[in-house]
Amino acid sequence: MAILVTGGAGFIGSNFVLDWLAQSKEPVINLDKLTYAGNLGNLVSLEGNSSHVFVQGDIGDRSLVSRLLVEYKPRAILNFAAESHVDRSIHGPGEFIQTNIQGTFNLLECTREYWLNLDEQAKCNFRLLHVSTDEVYGTLSPDAPAFTEEHAYEPNSPYSASKAASDHLVRAWHHTYGLPVLTTNCSNNYGPYHFPEKLIPLMIVNALAGKPLPVYGDGMQIRDWLYVKDHCSAIRRVLSAGHVGETYNVGGWNEMPNIEIVKTVCTILDQLRPKPDGSSYDTQICYVQDRPGHDRRYAIDARKIERELGWKPEETFETGIYKTIRWYLDNPQWVQDVQSGDYREWVGKQYGSVATP
Ligand code: NAD
Ligand code: DAU
């Protein structure tokens with residue numbers, strides 16, 4: 001038995017792989033293209049662990065994906081692989097269409113072919129879990145109820161439109177071909193190994209480097225925040241107990257405006273790593289031009305996954321953000337490698353014998 005994880009060198013995928021192998025002996029085949037967001041340094045603690053098989057490759061590569069399925073015979077596929085950054089999707093949507101839509105389509109087709117050839121028992125037990133986002137639902141007005149699984153899809157950015165398209169493909173492959181799929185739609189994650197292009201890690205590393213902390217527009221956009229380990233536990237729960245064909249919203253019951261997030265980061269850094277001149281990190285905050293088409297508010301109603309599968313987040317924002325900042329302070333080499341670009345040399349330096357197509 002094994003599982004195939006795609007995008008397992010990214011932020012959430014690597015947390016998922018680390019947590020999985022900390023709790024289970026079931027091998028993980030980790031297929032990741034290693035774009036700028038893929039970092040094998042996240043998985044360095046798995047060196048020498050024969051339960052982790054890393055393969056550098058593209059979910060859009062049909063012959064590679066088909067070969068991996070036949071070779072490793074996974075009982076489940078977890079699709080984390082995606083282009084994930086909204087700002088990048090605004091500057092260059094092409095890769096988002098390619099990986100998030102075309103790549104998911106390819107993964108579905110390869111999976112369908114593989115699944116059809118399984119014996120009845122294996123066919124019945126097989127699952128494809130597609131990891132998606134709350135951004136597919138679009139934006140909420142201040143008093144609107146949080147997104148339920150029934151909320152209409154109204155994506156507003158090239159990123160969220162590409163994720164919405166992938167969700168629709170996954171749904172259609174279930175309804176038309178019977179492929180046993182599960183979909184999760186999660187809110188904003190934060191935690192260890194988060195690439196510092198996203199709000200929380202960017203604020204931590206910029207603050208420590210004495211750089212400006214750029215807040216888009218008025219900073220009053222609202223997101224729901226979930227500690228990444230809680231997202232990983234929700235995915236494990238959906239994989240083991242979710243009902244085939246269903247979607248599950250995953251969230252932290254923790255809506256906060258961006259400016260409050262940034263000020264919280266500054267306050268914790270003031271305590272843990274006070275500046276030599278005694279000033280607060282919040283003096284580095286600066287308001288910059290807003291993101292085009294910026295969604296004003298997301299909020300997740302996570303009652304279905306709690307009611308049906310008994311999942312709840314363990315961390316509050318207070319405990320999760322403290323752990324996260326502590327992790328960045330305790331891992332300056334990881335931060336430095338990411339900032340210098342050295343993490344991209346990791347494959348050659350550290351994984352000379354890695355399995356490649
Ligand atoms: P990330 O950008 O940190 O990681 C993405 C990973 O996918 C990288 O390792 C990258 O190399 C890999 N990848 C990209 N294109 C690929 C391809 N064509 N083939 C194989 N691998 C490829 O993203 P993340 O934040 O870890 O997000 C993971 C998933 O979770 C995404 O599908 C994202 O849409 C979803 N999601 C993210 C969040 C969040 O807050 N970060 C919230 C909800 C859902
Ligand atoms: O909601 C889930 C989504 O959360 C995921 O699907 C995406 O993959 C993930 O990137 C994230 O999208 P956001 O756009 O919400 O995340 P980001 O960290 O880029 O921005 C969070 C908020 O902070 C958003 O309102 C924009 C704002 N922001 C962001 C950056 C990078 C700033 O004000 N300044 C910044 O420098």
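Read the numbers this way: they start at 1 and go in the same order the structure lists the ligands and their atoms. Hydrogens, waters and symmetry mates are skipped; everything else that's a heavy atom, side chains included, is used.
Shortest contact from atom 21 (N) of ligand 1 to any protein heavy atom: Lys33 N, 3.1 Å. If you check which protein heavy atom lies closest to atom 3 (O) of ligand 1, you get Phe11 N, 3.0 Å. With respect to atom 40 (O) of ligand 1, the closest heavy atom belonging to the protein is Asn189 N, 2.9 Å. For atom 32 (O) of ligand 1, the nearest non-hydrogen atom of the protein is Lys163 NZ, 2.7 Å. The shortest contact between atom 42 (C) of ligand 1 and any protein heavy atom is with Ser187 O, 3.2 Å. Counting only heavy atoms of the protein, atom 2 (O) of ligand 1 lies nearest to Ser84 OG, 2.7 Å. Of all protein heavy atoms, the one lying nearest to atom 9 (O) of ligand 1 is Asp32 OD2, 2.6 Å. The nearest heavy-atom contact from the protein to atom 31 (C) of ligand 1 is Phe80 O, 3.3 Å.
Other residues, nucleotides and ligands contribute only 12 or fewer heavy atoms inside 6.0 Å of the NZ atom of Lys312.
Across the listed options Thr133, Asn42, Ile12, Ile12 owns the non-hydrogen atom lying nearest to atom 38 (C) of ligand 1. Taking only non-hydrogen atoms, the option from Ser132, Cys186, Ala82 nearest to atom 5 (C) of ligand 1 is Ala82.
Contacts with ligand 1 closer than 4.0 Å are made by no heavy atom of Tyr36, backbone or side chain. With a 4.0 Å cut-off on non-hydrogen atoms, Asn100 does not touch ligand 1 at all.
Between Arg303 and Asp301, at least one side-chain N (NZ, or NE/NH1/NH2) sits under 4.0 Å from a carboxylate O, which counts as a salt bridge.
Listed by atom number, the atoms of ligand 1 under 4.0 Å from Asp58 heavy atoms are 17 (C), 18 (N), 19 (N). Contact atoms of ligand 1 toward Leu34: 11 (O) (distance under 4.0 Å to a heavy atom of the residue). Residue Ala81 approaches ligand 1 through these ligand atoms, each under 4.0 Å from one of its heavy atoms: 7 (O), 20 (C), 21 (N), 22 (C).
In terms of heavy-atom proximity, Asp330 sits nearest to Pro332 at C-CD, 3.2 Å.
Not close to ligand 1: Phe195, with no non-hydrogen atom less than 4.0 angstrom away. A heavy-atom separation below 4.0 Å is not found between Tyr190 and ligand 1. Ligand 1 has at least one atom lying under 4.0 Å from a heavy atom of Ala9. Remark: distances from the non-hydrogen atoms of Val131 to ligand 1 include one below 4.0 Å. At a 4.0 Å cut-off, not a single heavy atom of Gly8 sits close enough to ligand 1 to count as contact.
Using a heavy-atom distance under 4.0 Å as the criterion, the protein contacts of ligand 2 are Ser84, His85, Val86, Thr133, Asp134, Glu135, Tyr159, Cys186, Ser187, Asn188, Glu197, Lys198, Leu199, Leu202, Pro214, Val215, Tyr216, Gln221, Arg223, Asn258, Arg291, His294, Tyr298.
There is a side-chain donor-acceptor pair under 3.5 Å between Gln333 and Asp337. For His130 and Thr104, the side-chain atoms include no donor-acceptor pair closer than 3.5 Å. Between the side chains of Trp173 and Glu109, at least one donor-acceptor pair of N or O atoms lies under 3.5 Å. Judged purely by distance below 3.5 Å, without hydrogens or angles, the side chains of Thr319 and Thr316 pair a donor atom with an acceptor atom. Side chain to side chain, Asn249 and Lys304 fail the donor-acceptor criterion of an N or O pair below 3.5 Å. Between the side chains of Asp167 and Thr183, no donor-acceptor pair of N or O atoms lies under 3.5 Å. Side chains of Asp61 and Ser63: a donor on one and an acceptor on the other come within 3.5 Å. A donor and an acceptor atom, one from each side chain of Thr6 and Asn79, are located under 3.5 Å apart. Counted by atom type alone, Asn42 and Trp334 present one or more donor-acceptor pairs between their side chains at under 3.5 Å.
Using cut-offs of 30° and 60° on the angle between ring planes, the pair Trp225 and Phe317 is tilted. Classified by interplanar angle (parallel below 30°, tilted 30° to 60°, perpendicular above 60°), the ring pair Tyr298/Phe147 is tilted. The aromatic rings of Phe11 and His194 lie parallel to each other, their planes meeting at an angle below 30°, with 60° marking the opposite boundary.
Between Leu31 and ligand 1, not a single N/O pair is under 3.5 Å apart. Considering backbone and side-chain N/O of Ile59, one or more are found under 3.5 Å from N/O of ligand 1. At least one N or O atom of Tyr159 sits closer than 3.5 Å to an N or O atom of ligand 1. Checked by distance only, ligand 1 and Asn188 stay at 3.5 Å or farther apart across all their nitrogen or oxygen atoms. Of the N or O atoms in Asn79, none lie within a sub-3.5 Å distance of an N or O in ligand 1. On a distance-only criterion, Thr35 and ligand 1 share at least one N/O pair closer than 3.5 Å.
Checked against the 6.0 Å centroid criterion, the rings of Phe195 and His85 do not qualify as a close aromatic pair.
The list of salt bridge (charged side-chain N to carboxylate O under 4.0 Å, His left out) pairs with a residue in residues 80-99, not counting sequence neighbours, reads Lys33-Glu95, Asp87-Arg291, Arg88-Glu197.
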